[in-house]
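Read the numbers this way: they start at 1 and go in the same order the structure lists the ligands and their atoms. Here the structure is a predicted model, which is why all the values come from computation and not from measurement. Below, each value reflects all heavy atoms present in this structure, side chains not excepted, and no hydrogens, waters or symmetry copies.
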Amino acid sequence: MKNIVLVGFMGTGKSAVGKRLSERLGRPFVDLDERIEREAGRPIREIFAAEGEPAFRKREAEAVRRAAALEGHVIAAGGGVMTDEENVRRLKKNGLLVCLTARAEVILRRTSASRFMRPLLTGPDPAGRIEQLLTLRAASYAKADLTVDTSDRSVDEVVDEVARTLH
Ligand code: S3P
C-alpha cells in the first residue's frame with residue numbers, strides 16, 4: 001500500500017493533519033522532523049545553529065530515504081523536503097504527495113503562535129521571508145499529486161477533504 005505524504009510550507013498543518021489522518025485511516029504515522037530531532041538528540045533550531053542548514057538538509061534527505069521505503073504509512077515532511085528533487089523522486093515512488101497550503105498571513109499567524117521556533121523565519125521580517133520562500137518554492141510544491149488549502153479550516157475539516165479525495 002502506498003504512503004500518504006503530507007508536504008507543503010511551514011505552518012500549513014502537516015503534523016497535526018498527518019497525526020489525525022493516520023488515526024482516521026488506522027495507519028502508522030511518521031513525522032520526519034521529529035525523527036530528525038530524535039536522531040540528532042537536539043531540536044531543529046539547535047541543529048541549524050550548531051551544524052548549519054546544509055547539515056540539516058543532509059539529515060533530512062537521509063530521513064526521507066528511510067521513510068520512502070515504508071509501506072502504508074502517513075508521513076509528515078518538513079517544509080523544505082520538496083525543494084530537493086531526489087527527495088521528491090524517492091517519496092513519489094511509493095507515495096501519494098498531498099500538499100497543504102495556506103495564505104501567507106495565515107502562515108505568519110500560525111508560525112508566530114507556535115512553540116516550535118522555525119530557524120528560517122527568525123529574521124527581522126518574517127512576513128517578507130514567508131512571501132519570498134513561497135515564491136521560490138512554488139514550483140517544487142506544484143509537484144505534489146494533490147493540493148488542499150487549509151487557511152480557513154479546522155484540522156478535522158482538512159482531514160475530511162484529504163480522506164474523501166483519496167478514497
Ligand atoms: C523547514 C521547515 C520546518 C523544518 C525546518 C526547515 C523549511 O518544518 O523542517 O525548520 O525549510 O521549510 P515544518 O514545515 O514542519 O515547520
Side-chain angles (χ1 to χ4, degrees), residues 3-22 29-68 73-91 95 97-151 153 155 158-159 162:
N3 297 310
I4 299 168
V5 188
L6 296 170
V7 299
F9 204 77
M10 297 170 265
T12 54
K14 302 177 296 289
S15 298
V17 169
K19 193 157 190 295
R20 195 83 53 93
L21 182 67
S22 76
F29 176 59
V30 173
D31 187 300
L32 290 189
D33 281 346
E34 260 179 39
R35 280 208 166 176
I36 294 166
E37 291 188 328
R38 213 179 318 127
E39 278 158 24
R42 50 182 165 196
I44 285 171
R45 74 182 140 73
E46 279 181 27
I47 303 176
F48 267 71
E51 304 172 22
E53 183 172 349
F56 170 76
R57 297 298 172 199
K58 244 173 126 175
R59 290 183 178 279
E60 182 171 64
E62 177 55 22
V64 164
R65 195 184 61 74
R66 274 183 284 141
H73 281 57
V74 174
I75 300 168
V81 158
M82 294 292 281
T83 62
D84 181 289
E85 288 207 9
E86 189 59 20
N87 286 344
V88 177
R89 194 190 60 75
R90 288 201 159 118
L91 289 169
L97 271 50
V98 180
C99 183
L100 301 185
T101 64
R103 294 190 303 276
E105 89 265 12
V106 175
I107 289 172
L108 179 63
R109 178 163 32 86
R110 289 182 187 160
T111 51
S112 318
S114 165
R115 65 199 166 87
F116 301 108
M117 214 256 285
R118 264 70 169 205
L120 294 181
L121 302 180
T122 50
D125 178 21
R129 184 77 172 128
I130 288 169
E131 294 282 3
Q132 182 194 38
L133 283 172
L134 280 172
T135 305
L136 276 173
R137 293 179 173 183
S140 304
Y141 293 141
K143 291 177 186 156
D145 300 295
L146 171 73
T147 298
V148 177
D149 183 31
T150 69
S151 298
R153 288 158 153 179
V155 170
V158 176
V159 169
V162 174

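Polar contact with ligand 1: present for Lys14 (N/O pair, distance under 3.5 Å). Between Gly79 and ligand 1, at least one N/O pair is under 3.5 Å apart.
For the atom pair CD1 of Ile47 and CD of Glu53, the computed distance is 12.0 Å after rounding to the nearest 0.5 Å.
When heavy-atom distances to ligand 1 are checked against a 4.0 Å cut-off, Arg59 has no atom that comes that close, whether in backbone or side chain. Residue contacts with ligand 1, taken as heavy atom pairs separated by less than 4.0 Å, involve Arg57 solely via side-chain atoms from C-beta onward. With a 4.0 Å heavy-atom cut-off, ligand 1 is reached by no atom of Thr111. At a 4.0 Å heavy-atom cut-off, ligand 1 touches Arg118 through the side chain alone.
The ring-ring contact (aromatic ring centres under 6.0 Å, His included) check on Phe56 picks up Phe48, with sequence neighbours excluded.
Other residues, nucleotides and ligands contribute more than 12 heavy atoms inside 6.0 Å of the NZ atom of Lys143. Within a 6.0 Å sphere centred on CD of Glu86, heavy atoms belonging to other residues, nucleotides or ligands number more than 12.
Annotation: atom 10 (O) of ligand 1 to nearest protein heavy atom, Pro119 CD, 3.6 Å.
Relative to atom 4 (C) of ligand 1, the option among Leu32, Leu100, Asp33, Leu133 with the closest non-hydrogen atom is Asp33.
Atoms of ligand 1 lying under 4.0 Å from at least one heavy atom of Leu120, given by number and element, are 7 (C), 11 (O).
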Apply side chain to side chain donor-acceptor pair (under 3.5 Å) to the pair Ser151 and Arg110, showing each step before the final yes or no. CA-CA 10 Å; Ser151 298; Arg110 289 182 187 160; 5.8 Å; no

Please tabulate, one pair per line, all N/O donor-acceptor pairs under 3.5 Å involving side-chain atoms of residues 116-125, not counting sequence neighbours.
residue	atom	partner	partner atom	Å
Arg118	NH1	Ser114	OG	3.2
Thr122	OG1	Pro119	O	3.0
Asp125	OD1	Gly128	N	3.0

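Side chain to side chain, Ser15 and Arg20 fail the donor-acceptor criterion of an N or O pair below 3.5 Å.
Within the structure, ligand 1 has Arg137 among the residues with a heavy atom less than 4.0 angstrom away.
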